[in-house]
Amino acid sequence: MPSPIIDIQDLSYTYPDGTPGLAGISLQIFPRDFVILAGHNGSGKSTLLRHFNALIPSSRVRINGTPSSTNIPAVRQRVGMVFQDADTQIVAETVFDDVAFGLENLKIPADEIRERVHMQLEAIGLSSLQNRHPSTLSGGEKRKLALAGILVMNPEILVFDEPFSNLDYPSTRMLMELIQDLHHKGHTLIIAAHDLTRLMGMANRMIIMEKGSISKDAPIEDLADQLEAFGINAPFHKTG
């Protein structure tokens, strides 16, 4: 078995107001895993996701063997996170400049930035919009832009928090195809989602959370007939 790309041992977290967030989380994510993170609102999914890319640093979270708290910038290059509200990740005045933002912060040479941004915009289908102000984009285009700004950093792991929220059907289908393509290209994926029907045929593993703890962690097939017991309404459709 390969070494885990994410290794979490006995992780607990309490919010600043004293509310418990996570309780004794231990898990390992391996290269090329495609993990669905499921559970009710308030179960701890988003809090756990924020530990994966050191938005909440912890010595109990190791990324490629290194505690996330010891080198936060390196962790955030390796683990890219796409938030539910893409607007929170859009910071620049044009699509091109937004994708370039992270590279500029790393002091990458300008010629390399231009090349990498153009390649990423082409790959994700936003080249024709590169001079547009992000506020003029549709919801699906904004989600693609947020993802492009992460992919241009060449992360190994991609974390999505409710990626299909507030998207229409064409945008949802587009994003599903992008996610599937990213996994085929070798990325490790962790996706928290309420509507699991869009992901059940692609993921290989599901983690179900309750009250800040992991209730189940197993291959998708092993959990298919247990989902309703956890309040998860997701018909099982395994495809290819």
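Positions are given from 1, in the same order as the sequence printed here.
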Residues at least two apart in sequence or cross-chain that pass ring-ring contact (aromatic ring centres under 6.0 Å, His included) with F34, listed by chain then number, are H183
Less than 3.5 Å apart, any donor N or O on the side chain of [X] or [Y] sitting next to an acceptor on the other?
X: E156; Y: H187; value: no
X: Q89; Y: D98; value: no
X: T19; Y: D17; value: yes

Which heavy atom of [X] sits nearest a heavy atom of [Y], and at what distance?
X: S171; Y: G140; value: OG-CA, 3.5 Å
X: P67; Y: R62; value: CD-NH1, 3.4 Å
X: E210; Y: S215; value: OE1-OG, 2.8 Å
X: P31; Y: S3; value: CD-O, 3.4 Å

Who passes side-chain contact (heavy atoms from CB on, under 4.5 Å) against T172, sequence neighbours left out? F164, L167, M176, R198
How many angstroms lie between atom CD of E177 and atom CG of D181, to the nearest 0.5 angstrom? 9.5 Å
Interatomic spacing from CG in L189 to CZ in R205 - rounded to 0.5 Å: 13.0 Å
Please check if the number of heavy atoms outside [X] that lie under 6.0 Å from its [atom1] is greater than 12.
X: E104; atom1: CD; answer: yes
X: Y169; atom1: OH; answer: no
X: Q9; atom1: CD; answer: yes

Trace of the side chain to side chain contact (heavy atoms under 4.5 Å, CB included) decision for Q84 with F160: CA-CA 8 Å; Q84 180 175 346; F160 295 81; over 6 Å; no
Answer yes when R50 and D161 have at least one side-chain N-carboxylate O distance shorter than 4.0 Å, and no when they do not. yes
Please determine whether side chain to side chain contact (heavy atoms under 4.5 Å, CB included) holds for the pair L151 and L182, giving the CA-CA distance in whole Å, both sets of side-chain angles, and the decisive distance to 0.1 Å. CA-CA 10 Å; L151 291 175; L182 289 167; 3.7 Å; yes
One pair to check against side chain to side chain contact (heavy atoms under 4.5 Å, CB included): I207 and K216. What are the steps and the verdict? CA-CA 6 Å; I207 296 171; K216 296 286 182 177; over 6 Å; no
Contact list for residues 144-154, test side chain to side chain donor-acceptor pair (under 3.5 Å), sequence neighbours left out: none
Angle between ring planes, Y13 versus H51, binned at 30° and 60°: parallel, tilted or perpendicular? perpendicular
